[in-house]
Amino acid sequence: MTDGAGEPAAEAGGKLNFIEKLVAEDNKTGRFDRRVHTRFPPEPNGFLHIGHAKSICLNFGLAAAHGGLCNLRFDDTNPTKEEEAYVESIKRDVRWLGFDWDDRLYFASDYFDQLYEWAEQLITAGKAYVCDLTPEQTREHRGTLTEPGRNSPFRDRAVAENLDLFRRMKAGEFPDGARTLRAKIDMASPNLNMRDPVMYRIMHASHHRTGDKWCIYPMYDFTHGQSDSLERITHSICTLEFENHRPLYDWYIEELGIYHPQQIEFARLSLTYAVMSKRKLLRLVEEKHVSGWDDPRMLTISGLRRRGYTPEAIRLFCDRIGVAKFNSTVDMGVLELSIRDDLNARAERRMAVLDPLKVVIENYPEGQSEQLEAVNNPGDEGAGVRSVPFSRELYIEREDFMEDPPKKFFRLAPGREVRLRYAYMVTCTDVVKNAAGEVVELRCTYDPETRGGSAPDGRKVKATLHWVSAPDAVAAEVRLYDHLFAVPNPDDVPDGGDFLANLNPHSLERVTGQLEPSLAAATPGEFFQFERLGYFTPDSVDSKPGRPVFNRTTTLRDTWAKVQKQGDA
RNA sequence: UGCCCGGUGGUGUAAUGGUAGCACGGGUGGCUCUGAACCACCUAGUCAAGGUUCGAAUCCUUGCUGGGCAACCA
C-alpha cells in the first residue's frame, strides 16, 4: 500500500459507513476470528471506470484499515466475453490507484476443477440435475414475476443418469446449449434466482487461461461464493443488483458445507453529466464519439489518468462520496473539487495564454528584454522559483480586456491600470482595431517603478493578469475538455430517444495557446496550474519531446463567470 | 400484479430511542500579486399518516414513492 491509500475515510471524521460498521461488529464478536479479508472481483471484459474505483477503495481500504488483506480476483467464467488484454489493463489501473494485492492474484478459472467436483457432489446429493430443456423452454418453465414456474420434466432424473450425462457434457459429447446442469431448489420460489438456477452451461469456447480444457463453464452464481469461500474471504462486497442473489450464494455454500463468507451489497456510483454502464461506454468508443477507452473525457481510470487526474484525487473522491444502499447520483463537481484540492497543493504554476490578445508596451525600449522571478507554488515554498522573460510585446487573455467594461469588471480597460503577474503595472492607453471593428491590439504604458509587481507609492490595482512575452512564447495545442454530456442526466431522453442525443458538442475544444518558454520541456506525468485558467497536463499519447500537447484537467473555480451569469439573468 | 432493498436540506453523507450534524452547492463578507486557494457568517432536511414511548430520523402498521429481479451475462 502506498502513501495512505488504504486509510479509512479521513474526511468522514471517523464516522463509519454501514459496511465498516458491520465489519467492526464482526471483529467485536469474533465472527471471523477477527480477520478482515476482502476481494475486488472484476470480470475481464472491459476497462475499469470511476465506479470500479469506488469498489476498489472500499475493498482495499477496508482490509487496510483492519490490518487485513484484499485479493484481486478475476471473475472469468464466460470465455466468450473475456480477454487477456483486459486483465492487464485492470491490473495496471488497480496498481496505479495505489493498491497492492501482493501475491494474491486469483482467477475464478483457477477453481474450475474444484467447482466441477462440487457440482458432482450436489448431483450425488440429489441437489442438482441435468436438464435437456432448450433456452427458450427453460425460460417458459421459469414462470414470471407474478406466477410460479413449472418443474422441468428432467428434474427427477436418477442420480446415476445425472452423473453420467454431466460427465458426458464435460467430455464434449453435446453441442452448445443442448443441456445444462441445474440446482434443484424451488420452481415456485418468489425469488426467481432460486427457481432451479443453471449451474453449468455447454460452451465450446477457448478460455483465455484454461484454453480448450473445458467445454462446460460454471455460471457466476455457482462460482462467486465458492471462490470467496476458497480464498477465506470474510466480507464479500458487491453492488445492489446482487442482493437477490444472496440467498443462492448462501444456498450453494450451505449445501456444499464449506466456509461461509458474508455477502454485503452497496449502491454503485452514478455521476451527473456522465454514463457509467459498460454497454454505453462501449458504444461511445465503437461509434467513435470519443477517441477510445482512454479518451480524457471518459470516466475510465485510463481516461482520467490521461486527463490529468491523480490517484490521490480519486481516492479522496471515493472517501468523500461515502457508501450507502441508496441509489444516488453524485454531483460531478465533487470529482472536480477532489482533483483541484490535490493539484492546488502540488502543481507548479505557469503562465499560458489560450486566447491571445497582443499588447505593446509603448514606453518599454524596443529590443530590450529581462528575466523576472516567478513563484512556482505560493502554497509550497519548497517548489522554488523560476525566471520568465518580459519584453515590449506580450500576449494577454482576450477576455481580460473590455473596451466598455461593466461595473464589476476589474480587469484591463482603456485608461485603467492593472498588474501583470510578477512583472509590472501597466495602463491601457489605446485600442487598435481591424476593419471589422474587432480589437486586435492594445497599446499600454508600464511603470518601471513597479518591477516585480508592487508600487513603491503603495497604490493598489484591482486585477492581476497572466501574460506571456510574445517573442519568447511557445505555441502549443491545448485541449479544453468539458463534460461529455450536456445535461445532468444523459439517460433522461424523450421516448424512443437515445442517450447519445445528450452528448455535449463542446466537450472538446482545441486551441493554440501561447505558453511561457519553460513549458516546452513539459512531459507526460507532470501537471501544472496555468494561472487563473486551470490545471493542465501533457497528453500521454500526442505529446512529442519538446512539443507537448496539453490536456486541461479542470478549470479553476471561476467567480467572475458566476458574476457574469448573474448579470445575464 | 409477486419478491427483495431503499427513501434525512438542491446534492452526497452522519446521528443504533435522548440537542438533526458534516461536506459540496448556493448566498454575504474578509483576505489576496491567481475574481484561485484560504477564513468567517448565512441558507436549507427526517416521504406521509397513524401507533408504541417521558421522548421517534431511529421501533411497529398502513400508504406513497424510487431501484432491482423473469441471460445457458456478471
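Each chain gets a letter, A, B and so on, in the order its sequence line appears, and its residues count up from 1.
As rounded to whole Å, 19 Å separates atom P of C4(B) from atom CD of Glu241(A). The distance between atom CG of Asp176(A) and atom C1' of A71(B), rounded to the nearest whole Å, is 15 Å. Following rounding to the nearest Å, Leu269(A) (CG) and C24(B) (C1') show an atom-to-atom distance of 15 Å. If you take CE of Met187(A) and C1' of A70(B), they are 10 Å apart, rounded to a whole angstrom. Rounded to whole Å, the distance from CD on Glu82(A) to P on C73(B) is 11 Å. The separation between His141(A) atom NE2 and A71(B) atom P is 15 Å, rounded to whole Å. Summarising the geometry, the separation between CD on Glu265(A) and C1' on C69(B) is reported as 13 Å, rounded to the nearest angstrom. Rounded to whole Å, the distance from NZ on Lys460(A) to P on U32(B) is 6 Å.
Within the nucleic acid shown, Phe242(A) comes within 4.0 Å of at least one base atom, counting heavy atoms only. Leu240(A) comes within 4.0 angstrom of nothing in the nucleic acid, heavy atoms only. Counting any heavy atom pair closer than 4.0 Å across all strands shown, Glu531(A) reaches a base atom. Looking at heavy-atom distances under 4.0 Å, Phe74(A) makes no contact with the nucleic acid at all. Across all strands shown, Leu372(A) has no heavy atoms under 4.0 Å from either base or sugar-phosphate atoms. Among the atoms of the strands shown, none is found under 4.0 Å from any heavy atom of Thr80(A). At a threshold of 4.0 angstrom between heavy atoms, the contacts of Pro378(A) include nucleobase atoms, whether or not backbone atoms are also involved. Residue His245(A) is classed as a base contact, given a heavy-atom separation below 4.0 Å to a base. Using a 4.0 Å heavy-atom criterion, one finds that Tyr422(A) contacts the bases of the nucleic acid, with or without backbone contacts as well. Nucleic acid contact class of Gly177(A) (heavy atoms, under 4.0 Å, all strands): base. Within the 4.0 angstrom heavy-atom criterion, only backbone atoms of the sugar-phosphate kind lie near Thr329(A); the bases stay farther away. At the heavy-atom level, Arg557(A) lies under 4.0 Å from the strands shown only through sugar-phosphate atoms. Using a 4.0 Å heavy-atom cutoff across all strands shown, Leu556(A) reaches at least one base atom of the nucleic acid. Using a 4.0 Å heavy-atom criterion, one finds that Asn191(A) contacts no nucleic acid atom at all.
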>> ring-ring contact (aromatic ring centres under 6.0 Å, His included), that's the test. Do Phe530(A) and Phe536(A) meet it? Break it down for me.
In response: CA-CA 7 Å; Phe530(A) 290 181; Phe536(A) 294 78; 4.2 Å; yes
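Residue order along RNA chain B, read from the 5' end via each residue's closest nucleotide, puts Ser328(A) first among Ser328(A) and Arg421(A). In terms of position on RNA chain B, the residue among Arg201(A) and Thr144(A) whose nearest nucleotide sits closer to the 5' end is Thr144(A).
Between Arg139(A) and A71(B) there is a side-chain N or O to OP1 or OP2 distance below 4.0 Å. Checking the phosphate oxygens (OP1, OP2) of G35(B), no side-chain nitrogen or oxygen of Arg411(A) falls inside 4.0 Å. At least one side-chain nitrogen or oxygen of Lys21(A) sits closer than 4.0 Å to the OP1 or OP2 atom of A15(B). A sub-4.0 Å separation between OP1 or OP2 of A36(B) and a side-chain N or O of Thr559(A) is present. For the OP1/OP2 pair of G67(B) and a distance below 4.0 Å, the side-chain nitrogens and oxygens of Lys325(A) include no atom meeting the criterion.
Of the possible donor and acceptor atoms, one in the side chain of Gln263(A) sits under 3.5 Å from a partner among the backbone N and O of Phe242(A). Counting only distance, with no hydrogens or angles, the side chain of Asp176(A) and the backbone of His204(A) share a donor-acceptor pair below 3.5 Å. In this structure, the side chain of Asn162(A) engages the main chain of Val130(A) through a donor-acceptor pair within 3.5 Å.
Side-chain atoms of Arg142(A) lie closest to A71(B) of the nucleotides G35(B), A71(B), A15(B). Side-chain atoms of Pro135(A) lie closest to C72(B) of the nucleotides C69(B), U34(B), C72(B). Checked against G35(B), U8(B), U1(B), the side chain of Thr146(A) finds its nearest nucleotide in U1(B). Here G2(B) is the nucleotide among G2(B), C4(B), G25(B) with the atom lying nearest to any side-chain atom of Pro190(A). In the set C24(B), A70(B), U16(B), the nucleotide with an atom closest to the side chain of Leu192(A) is A70(B). Listed nucleotides: U13(B), A70(B), C72(B). Nearest to the side chain of Leu145(A): A70(B). Among the nucleotides G27(B), G12(B), C73(B), the one closest to any side-chain atom of Glu43(A) is C73(B). Set against G21(B), A71(B), C69(B), the side chain of Met219(A) has A71(B) as its closest nucleotide.
With both ends at atom P, the span from A15(B) to A37(B) equals 30 Å, rounded to whole Å. Rounded to a whole angstrom, the distance from the C1' atom of U58(B) to that of G6(B) is 15 Å. Comparing G12(B) with A36(B), their C1' atoms are spaced 24 Å from each other, to the whole Å. With P as the reference atom, C42(B) and G21(B) are 12 Å apart, rounded to whole Å. Here the separation of G7(B) from A14(B), taken at their C1' atoms, is 16 Å to the nearest Å.
Residue-nucleotide stacking is present for Phe410(A) and G35(B), judged by a side-chain ring centre under 5.5 Å from the six-membered base ring centre and planes under 30° apart. Both thresholds, 5.5 Å between centres and 30° between ring planes, are not jointly met by Tyr220(A) relative to the base of A74(B), so the two rings are not stacked.
Using a 90° window around 0 for the glycosidic torsion, A36(B) falls outside it and is classed as anti.
Ring geometry, Phe112(A) versus Tyr217(A): the interplanar angle exceeds 60°, so the pair is classed perpendicular (tilted spans 30 to 60°). Using bins of under 30°, 30° to 60° and over 60° for the plane-to-plane angle, the ring pair Phe47(A)/Tyr86(A) lands in the perpendicular bin.
The ring of Phe222(A) has its center closer than 6.0 angstrom to the ring center of Tyr252(A). Two rings, from Trp560(A) and Phe410(A), have their centers 6.0 Å or more apart. Between Phe166(A) and Tyr200(A), the ring center distance clears the sub-6.0 Å criterion.
Where pairing requires Watson-Crick or G-U contacts shorter than 3.5 Å, the helical stems of RNA chain B with at least three consecutive pairs are B:2-7 with B:64-69, B:10-13 with B:21-24, B:25-30 with B:38-43, B:47-51 with B:59-63.
No hydrogens or angles considered: nothing links the side chains of Tyr220(A) and Asn78(A) as a donor-acceptor pair under 3.5 Å.
Comment: Glu348(A) engages Arg350(A) in a salt bridge, judged by a side-chain N to carboxylate O separation of less than 4.0 angstrom.
In the interface, the side chain of Gln529(A) is paired with the base of U34(B) through a donor and an acceptor atom under 3.5 Å apart. Evaluation of atom-type donor-acceptor distances gives a pair under 3.5 Å for the side chain of Arg349(A) against the base of U34(B).
Annotation for Glu381(A): atom CD does not count as buried by contact number, only 12 or fewer foreign heavy atoms lying within 6.0 Å.
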